[in-house]
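Remarks on the structure that follows.
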2 protein chains.
Amino acid sequence: MHNKIFQNFLGRKGLKMTRERFAVLEEVFSAPSHFDPEQLYARIRASALKASRASVYRTLSLLVESGLVEKVSRSGRGNIYEHTYGRRHHDHMICDVCGEIIEFYSENLENLQLDICGSNNFEGMSHTLEIRGHCENCRD
Amino acid sequence: MHNKIFQNFLGRKGLKMTRERFAVLEEVFSAPSHFDPEQLYARIRASALKASRASVYRTLSLLVESGLVEKVSRSGRGNIYEHTYGRRHHDHMICDVCGEIIEFYSENLENLQLDICGSNNFEGMSHTLEIRGHCENCRD
DNA sequence: AGTCCAATTGAAATTAAATCTCAATTTCAG
DNA sequence: CTGAAATTGAGATTTAATTTCAATTGGACT
Ligand SMILES: [Mn+2]
Ligand SMILES: [Mn+2]
Ligand SMILES: [Zn+2]
Ligand SMILES: [Zn+2]
């Protein structure tokens, strides 16, 4: 599982599995799927396996590079991440009122983007589609 | 034109048209359509009509509220804006290598998003679609 | 043209996210 | 075990943006 995947990734890069990296890894995968780094750091400080803020940010970058985590969005000031192990790509709707995040996936929409890239000779490698508005509960 | 529109907007809100706000307005509409606030501030400092950094940021917020300017991207560190007066909504492809920004618009893609909002009972009010990758010139 | 007062300004301090520095510590291949 | 290379954390630094507040200004109303 993600533990072994991260180990392999580190191995390939000549990096070491440390107790701090393990702490971040565990916390990322027990966190709600969307999280921000400062929340994550607070959770880690409260847990048994500690890591400094610097290590949290450094490990987060490695997790993104390994493909286990993705940067999802910037809500206001900081970034939002989510763990993606065993999950399919998807995009997000975000409620401006209550902050709820709704995930969606559309094959058509993905294909349309491929077409658009094609007709611009652009080699698309990733994308973020974020729809903002009012969720079911928050619309009048 | 944008001058009058901004005046009206300010009037409606009981705000005043000051020389600083005018300076920002002029610079925003003589700038390349995509810009970041610090660039804008630098340009204003170099121009005849000065304004402080605080006023630049404050006026930028008002311009966004007035609909003359939109926040375009949140992917790097700071925000990117563009003036939208007389321009149609569109989305962006951004080259990871050279930073080029390619604009595109697809009716199908917009409609697909409407459908998706509909089937989630979500009242979509705005969206950003940002495709990152390599542009024509930067792909091998 | 003058009065007045709420709106506005700018310099500097502050906040917040994220990154950097570097001496001390840890990991792990051999 | 050993030792070289990787890693860590406390605190300093960077960067974008916001806040503070005394001094200034816009413009409605005479
Ligand atoms: Mn998600
Ligand atoms: Mn644009
Ligand atoms: Zn909501
Ligand atoms: Zn390019």
Side-chain angles (χ1 to χ4, degrees), chain A residues 3-4 6-28 34-66 69 71-81, chain B residues 3-4 6-28 34-66 69 71-81:
Chain A
N3 199 327
K4 207 65 203 152
F6 195 42
Q7 294 254 30
N8 287 345
F9 168 79
L10 292 174
R12 262 177 277 124
K13 300 208 65 175
L15 304 179
K16 296 167 180 175
M17 174 52 97
T18 65
R19 70 176 103 281
E20 289 81 4
R21 283 174 180 157
F22 183 75
V24 175
L25 181 68
E26 287 301 291
E27 202 56 47
V28 161
H34 304 108
F35 62 90
D36 77 63
E38 292 293 325
Q39 279 169 7
L40 185 69
Y41 174 52
R43 287 171 55 109
I44 286 171
R45 296 201 63 179
S47 81
L49 306 158
K50 318 284 186 197
S52 68
R53 170 177 282 111
S55 285
V56 169
Y57 278 99
R58 287 187 289 229
T59 304
L60 214 36
S61 294
L62 291 171
L63 286 169
V64 168
E65 204 186 331
S66 78
V69 167
K71 187 183 291 188
V72 160
S73 129
R74 271 186 78 201
S75 100
R77 289 283 202 99
N79 293 318
I80 306 248
Y81 295 83
Chain B
N3 198 326
K4 207 65 204 152
F6 195 41
Q7 295 252 29
N8 288 347
F9 168 78
L10 292 174
R12 260 177 280 124
K13 298 208 68 175
L15 304 180
K16 298 169 180 176
M17 174 53 96
T18 63
R19 71 176 106 281
E20 289 80 6
R21 282 174 182 159
F22 183 74
V24 174
L25 180 67
E26 287 302 291
E27 204 55 49
V28 160
H34 303 108
F35 63 90
D36 76 63
E38 292 293 326
Q39 279 169 6
L40 184 69
Y41 173 52
R43 288 171 56 110
I44 287 172
R45 296 201 63 178
S47 81
L49 305 158
K50 319 283 186 197
S52 69
R53 171 177 282 112
S55 285
V56 169
Y57 278 99
R58 287 188 286 228
T59 304
L60 214 35
S61 294
L62 291 172
L63 286 168
V64 168
E65 204 185 329
S66 78
V69 167
K71 189 182 289 189
V72 160
S73 158
R74 282 158 252 26
S75 64
R77 281 283 208 100
N79 292 319
I80 305 241
Y81 295 83

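A quick note: this is a predicted structure, and the numbers were derived from the prediction, not measured. Throughout, protein chains are lettered first and strands after them, A, B, ... in sequence-line order, and every chain is numbered starting at 1.
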Between [N] atom [atom2] and [X] atom [atom1], what is the distance in whole Å?
X	N	atom1	atom2	value
A/Arg21	D/dG9	CZ	P	11 Å
A/Leu60	D/dT8	CG	C1'	17 Å
A/Arg74	C/dA16	CZ	P	15 Å
A/Ile80	C/dA18	CD1	P	10 Å
B/Phe22	C/dT9	CZ	C1'	18 Å
A/Lys13	D/dA5	NZ	P	19 Å
B/Leu40	D/dA16	CG	P	14 Å
B/Gln39	D/dA17	CD	C1'	16 Å

Do [X] and [Y] have side-chain heavy atoms sitting under 4.5 Å apart?
X	Y	result
A/Ile44	A/Glu26	no
B/Ile80	B/Phe35	no
A/Glu38	A/Arg53	yes

Original post:
Counting side-chain heavy atoms from C-beta on, which of D/dT8, C/dT19, C/dT9 comes nearest to A/Tyr57?
Top reply: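 Taking heavy atoms from C-beta onward, the closest nucleotide is C/dT19.
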**OP:** Please determine, for the side chain of B/Arg53, which listed nucleotide (D/dA17, D/dT15, D/dG9) has the closest atom?
**Re:**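 Side chain of B/Arg53 sits closest to D/dA17.
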Original post:
Which residues pass the side-chain hydrogen bond (donor to acceptor under 3.5 Å, both in side chains) test with A/Arg43, sequence neighbours left out?
Top reply: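 A/Arg43: side-chain hydrogen bond (donor to acceptor under 3.5 Å, both in side chains) contacts with A/Glu27.
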Original post:
Only one of B/Leu63, B/Thr59, B/Val56 forms a side chain to side chain contact (heavy atoms under 4.5 Å, CB included) with B/Val28, so which one is it?
Top reply: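 Output: one option passes, namely B/Leu63.
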Subject >> Backbone N/O of A/Leu49 and side chain of A/Arg19: donor-acceptor pair under 3.5 Å >> reply: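 No, A/Arg19 side chain to A/Leu49 backbone: no donor-acceptor pair under 3.5 Å.
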Original post:
Okay, side chain of A/Arg74, backbone of B/Arg77: is any donor-acceptor separation there less than 3.5 Å?
Top reply: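 Yes; judged by distance alone, with no hydrogens or angles, the pair exists.
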**OP:** Indicate whether OP1 or OP2 belonging to C/dA17 is found under 4.0 Å from a side-chain N or O atom of B/Arg77.
**Re:**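 Indeed not, no polar side-chain atom of B/Arg77 lies that close.
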Original post:
Toward the 5' end of DNA chain D, which comes first, A/Lys50 or B/Gly78, by nearest nucleotide?
Top reply: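 Mapping each residue to its closest nucleotide by heavy atoms, the 5'-most match is A/Lys50.
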Subject >> Residue met sooner reading DNA chain D from 5', once B/Ala54 and A/Tyr41 are mapped to nucleotides >> reply: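 Upstream on the strand: A/Tyr41.
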Subject >> Annotated protein contacts, base or backbone, on nucleotides 22-29 of chain C with a non-hydrogen cut-off under 4.0 Å, one of B, S, - each >> reply: -----BS-
Subject >> Pairing of B/Glu20 and B/Lys50 as salt bridge, 4.0 angstrom limit >> reply: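 Looking at B/Glu20 and B/Lys50, the cut-off is not met.
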Original post:
Given axes from five pairs at either end, by how many degrees does the helix from C/dA1-D/dT30 to C/dG30-D/dC1 bend, rounded to 10°?
Top reply: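 Roughly 40° between the end axes, to the nearest 10°.
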Original post:
Looking for any heavy atom pair under 4.0 Å, which part of the strands does A/Asn79 touch: base, sugar-phosphate only, or nothing?
Top reply: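 Touches sugar-phosphate only.
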Original post:
When you check the side-chain N and O atoms of B/Tyr81 and B/Gln39, is any donor under 3.5 Å from an acceptor?
Top reply: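 Side chains of B/Tyr81 and B/Gln39: no pair found under 3.5 Å.
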